[in-house]
Amino acid sequence: MPKFYITTAIPYASQRPHIGNTYEAIFTDAVARYHKLVGDDVYFLTGTDEHGLKVERAAEKAGVTPQQFVDGVTADLRSIWDMCMVEYDDFIRTTETRHKETVKKMFKRLFEQGDIYKGAYEGWYCIPDEAFHTESQVVKGETGNLCPDCGRPVEWTSEEAYFFRLSAYAERLEAHIEANPAFIQPDNRKNEMLNGYIKPGLQDFCVSRTSFKWGIEVDFDPGHVMYVWVDALSNYITALGYDPGGNHGELFSKYWPCDVHVLGKDVLRFHTLYWPGMLMALGIPLPKQVFGHPWLLMGGDKMSKSLGNVIYAPELIEKYGVDCTRYYVLREMPFARDGSITREQFVSRCNTDLANDLGNLASRSITMAEKYFDGNVSPETTPQNEVLTLCAASREQYRAAMDKLAMQTAVTEAMAPIVRANRFIDETMPWVLAKDESKAEDLRHVLYTLLETLRAASVLLYPVMPLAMGRLRAQLGLPEIPVWDEPAPDGFSVKRGENLFPRIILEEAET
RNA sequence: CGCGGGGUAGAGCAGUCCGGUAGCUCGUCGGGCUCAUAACCCGGAGGUCAGGGGUUCAAAUCCCCUCCCCGCAACCA
């Protein structure tokens with residue numbers, strides 16, 4: 001049984017995750033569920049990045065300790081992941097002892113072997129805010145540069161800091177990226193990494209600070225705490241029981257290297273340059289693939305608090321259900337280009353695809369099966385027709401797309417037979433066949449075709465909508481959880497239940 | 001000369017790599033059906049494919065130029 005290790009990036013625990021962040025977890029979950037479906041030994045890791053200045057500040061503002069603060073954010077995040085039916089195997093928090101202890105050892109080892117060195121971090125420093133800003137961040141004022149946060153003057157300041165010697169790995173990184181076309185996905189991002197960062201000259205990056213306290217201590221140099229990269233990125237191996245001394249846990253030996261790191265396009269750089277650089281330094285194999293997914297935009301705009309256009313998953317789930325929410329983001333997000341969500345688009349997509357096409361097909365098919373055959377549809381011979389041929393084709397297309405992480409294509413392929421089957425009903429007119437007793441076997445063939453189409457779809461769409469597909473399968477008289485090679489049954493014994501996807505009525509006030 | 005992504009029917013998009021009667025979804029108009037969640041099925045209208053020039057028998061698609069929009073600052077994936 002092939003193993004499949006997949007991760008999300010770990011969201012920063014400074015605030016509640018919105019639907020865009022949540023999309024990443026849902027996407028990763030769907031991929032993980034797909035791999036379980038086809039029989040892989042899947043390990044799915046997610047978690048939270050809980051250190052750093054912003055958390056320290058947010059906690060202060062909230063009047064709680066940083067630990068109390070991240071405890072709250074992480075609990076909320078986990079409840080959102082649960083509502084979204086994101087079923088991870090492990091959840092790592094960077095404030096956990098198991099993580100911190102390993103990271104300290106890693107940091108020390110990297111320092112001892114010369115991959116981490118002490119230097120100076122320079123930048124524009126805002127004294128009242130106690131924060132550094134880069135040249136591009138500061139606001140140009142009449143009397144000098146100003147803090148982008150508070151508007152007060154900033155000073156060019158230097159601070160002692162440790163750096164990771166990424167420059168030493170530039171050639172190896174470039175060679176690896178060139179030699180492994182699948183390493184960076186989507187493809188166009190590969191050139192961006194090569195041309196935008198490696199070729200102009202890779203800079204060493206800062207891995208410690210002395211200007212804030214909320215971080216993992218550099219134990220051989222009190223006063224320094226780790227700054228994001230070594231701390232956060234290493235979660236992918238600390239969670240598996242990696243040991244810088246070589247005494248790895250069972251999970252690490254079994255699941256590393258990672259099959260795919262799923263993350264947002266904005267942090268692709270850190271995962272394709274910084275992280276591999278660190279792994280090379282530690283002598284660990286690189287992840288097989290890093291996928292930088294596009295962003296979910298609110299209409300055409302970036303989702304942001306300041307624009308006040310942020311949507312959170314719980315709100316959608318409470319109103320429209322977990323299946324619609326998952327379906328929307330997975331169906332709507334392209335592979336390489338930003339997707340979009342608005343309430344109108346959401347409602348339209350769910351009504352059209354789920355209520356009108358899929359839900360209604362289930363409803364009319366199962367109702368007819370009960371009406372004409374008391375729910376037992378067992379034809380004497382197995383029908384063969386265009387619809388069933390399409391089912392087989394869609395299954396292959398779906399699989400090919402899923403293996404490439406082309407979720408939108410996979411979902412669209414899975415839905416194709418549903419649309420075809422609705423037409424099939426009009427073509428065959430089962431209500432006419434039902435009036436002629438000599439056509440009973442024909443009628444059975446029609447209904448079997450419809451039910452079998454629904455069964456096939458329930459398998460493909462299970463990773464996307466586990467709850468609704470489980471319900472559909474129950475109505476079809478099938479086990480709730482499908483397997484990829486589930487054979488088409490000789491006959492169906494169905495029982496109608498609640499409508500799977502009630503139509504959503506969008507009220508004026510909600511738009 | 002900063003980098004990148006876009007500009008195709010009212011809306012959202014595919015097609016552009018590998019030139020050959022312009023396609024999908026939604027909306028709209030007309031028709032059909034009655035098994036179904038006012039759902040489903042069929043048909044119509046609607047586009048000088050941002051603009052200009054070039055190559056070609058033929059360009060949304062290849063080449064050159066111009067214009068416009070969106071990211072690359074921030075909370076943020």
Side-chain angles (χ1 to χ4, degrees), chain A residues 8-12 14-25 27-28 54 57-58 133-140 147-149 187-189 191-192 195-197 200 262-269 292-310 331-334 336-340 342 344-345 347-349 351-372 408-409 412 415 418-434 443 446-447 450 496 498-505:
Chain A
T8 67
I10 48 174
Y12 193 52
S14 63
Q15 61 172 21
R16 178 171 230 218
H18 57 59
I19 187 65
N21 305 307
T22 311
Y23 157 71
E24 180 174 313
F27 174 89
T28 308
K54 274 176 200 150
R57 287 280 160 74
H133 301 285
T134 63
E135 179 69 31
S136 60
Q137 287 173 332
V138 293
V139 178
K140 308 290 176 195
C147 173
D149 294 334
D187 287 328
N188 58 325
R189 297 272 158 202
N191 297 326
E192 199 176 317
N195 301 331
Y197 299 101
V262 176
L263 39 106
K265 63 180 184 178
D266 59 322
V267 287
L268 194 62
R269 232 173 92 198
H293 66 248
W295 279 355
L296 183 58
L297 304 180
M298 180 66 202
D301 301 317
K302 208 161 159 180
M303 230 175 260
S304 77
K305 277 188 179 167
S306 46
L307 285 177
N309 62 358
V310 182
R331 165 64 180 77
E332 207 66 23
M333 284 293 282
R337 221 136 36 91
D338 290 343
S340 154
T342 64
E344 293 84 347
Q345 286 168 9
V347 169
S348 164
R349 183 102 259 157
N351 277 344
T352 303
D353 293 5
L354 298 180
N356 298 353
D357 289 346
L358 178 54
N360 187 41
L361 179 69
S363 174
R364 60 202 304 212
S365 303
I366 294 169
T367 299
M368 284 192 280
E370 290 191 333
K371 197 164 176 177
Y372 303 141
Q408 184 180 41
T409 306
T412 308
M415 291 296 286
I418 299 298
V419 177
R420 181 64 187 84
N422 273 317
R423 181 147 63 91
F424 184 70
I425 296 179
D426 285 74
E427 288 165 355
T428 53
M429 297 190 286
W431 53 92
V432 174
L433 297 176
L443 183 57
V446 169
L447 288 177
L450 298 175
R496 201 184 193 298
E498 295 275 301
N499 281 343
L500 292 168
F501 304 103
R503 277 183 68 82
I504 300 166
I505 309 299

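Residue numbers start from 1 in every chain, and the chains themselves are labelled A, B, ... in the order their sequence lines are given, proteins ahead of strands.
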A:Ile425 CD1 to B:rC35 C1', straight-line distance once rounded to whole Å
7 Å

Please find the pair of heavy atoms, one from A:Pro17 and one from A:Asn21, that lie closest to each other, and give the distance.
CA-ND2, 3.2 Å

Would you please enumerate the stems RNA chain B participates in, each stem being three or more consecutive Watson-Crick or G-U wobble pairs with both distances under 3.5 Å?
B:2-7 with B:67-72, B:10-13 with B:23-26, B:28-32 with B:40-44, B:50-54 with B:62-66

Show me the protein contacts with nucleotides 36-39 of chain B, counting only N or O atoms at under 3.5 Å.
| residue | atom | partner | partner atom | Å |
| --- | --- | --- | --- | --- |
| B:rA36 | O3' | A:Ser363 | OG | 3.3 |
| B:rA36 | O2' | A:Asn360 | OD1 | 2.5 |
| B:rA36 | O2' | A:Ser363 | OG | 3.2 |
| B:rA36 | N1 | A:Arg364 | NH2 | 3.3 |
| B:rA36 | N3 | A:Asn360 | ND2 | 3.3 |
| B:rA36 | N3 | A:Arg364 | NE | 3.1 |
| B:rU37 | O4' | A:Asn499 | ND2 | 3.4 |
| B:rU37 | O2 | A:Phe501 | O | 3.4 |
| B:rU37 | O2 | A:Arg503 | N | 3.3 |
| B:rU37 | N3 | A:Phe501 | O | 2.9 |
| B:rU37 | O4 | A:Gly359 | O | 2.9 |
| B:rU37 | O4 | A:Asn360 | N | 3.4 |
| B:rA39 | OP1 | A:Arg503 | NE | 3.0 |
| B:rA39 | OP1 | A:Arg503 | NH2 | 2.9 |
| B:rA39 | O5' | A:Arg503 | NH1 | 3.3 |
| B:rA39 | O2' | A:Asn360 | ND2 | 2.5 |

Salt bridge (charged side-chain N to carboxylate O under 4.0 Å, His left out) against A:Arg420, all qualifying residues, sequence neighbours excluded
A:Glu386, A:Glu427

A:Leu433 atom CG is separated from B:rC35 atom P, nearest whole Å, by 13 Å

Partners of A:Asn356 by side chain to side chain contact (heavy atoms under 4.5 Å, CB included), sequence neighbours excluded?
A:Arg503

Does A:Arg269 have any side-chain hydrogen bond (donor to acceptor under 3.5 Å, both in side chains) partners at least two apart in sequence or in another chain, and if so, which?
none

Residue closer to the 5' end of RNA chain B, A:Asp338 versus A:Asp353 (nearest nucleotide)
A:Asp338

With nearest nucleotide decided by heavy atoms, which residue, A:Arg423 or A:Met429, maps closer to the 5′ end of RNA chain B?
A:Met429

Results of side-chain hydrogen bond (donor to acceptor under 3.5 Å, both in side chains) for A:Thr8 - residues two or more places apart only
A:Thr46

Nearest-nucleotide pick for A:Asn21, side chain only, options being B:rC35, B:rA77, B:rC75:
B:rA77

How would you list, by chain and number, every residue that makes a side-chain hydrogen bond (donor to acceptor under 3.5 Å, both in side chains) with A:Gln345, sequence neighbours excluded?
A:Tyr328, A:Ser340

Only counting residues at least two apart or in another chain, list the ones meeting side chain to side chain contact (heavy atoms under 4.5 Å, CB included) with A:Ala58.
A:Phe69

Name the pairs: protein N/O against N/O of nucleotides 1-6 of chain B, kept only if under 3.5 Å.
none

Taking only residues two or more places apart in sequence, or in another chain, which ones meet A:Asp357 in a salt bridge (charged side-chain N to carboxylate O under 4.0 Å, His left out)?
none

How long is the line joining CG of A:Leu297 and P of B:rC75, in whole Å?
18 Å

Salt bridge (charged side-chain N to carboxylate O under 4.0 Å, His left out) filter on A:Glu332, not counting sequence neighbours, yields A:Arg349

Select one nucleotide: of B:rC41, B:rC33, B:rU25, the one nearest the side-chain heavy atoms of A:Thr352.
B:rU25

Distance check: side-chain N/O of A:Ser14 vs OP1/OP2 of B:rC76, anything under 4.0 Å?
yes

Would one find a side-chain N or O of A:Lys265 under 4.0 angstrom from OP1 or OP2 of B:rC72?
no

Any side-chain N or O of A:Trp295 under 4.0 Å from OP1/OP2 of B:rA77?
no

For A:Thr367, enumerate each residue passing the side-chain hydrogen bond (donor to acceptor under 3.5 Å, both in side chains) test, keeping only those at least two apart in sequence or located in another chain.
A:Arg496

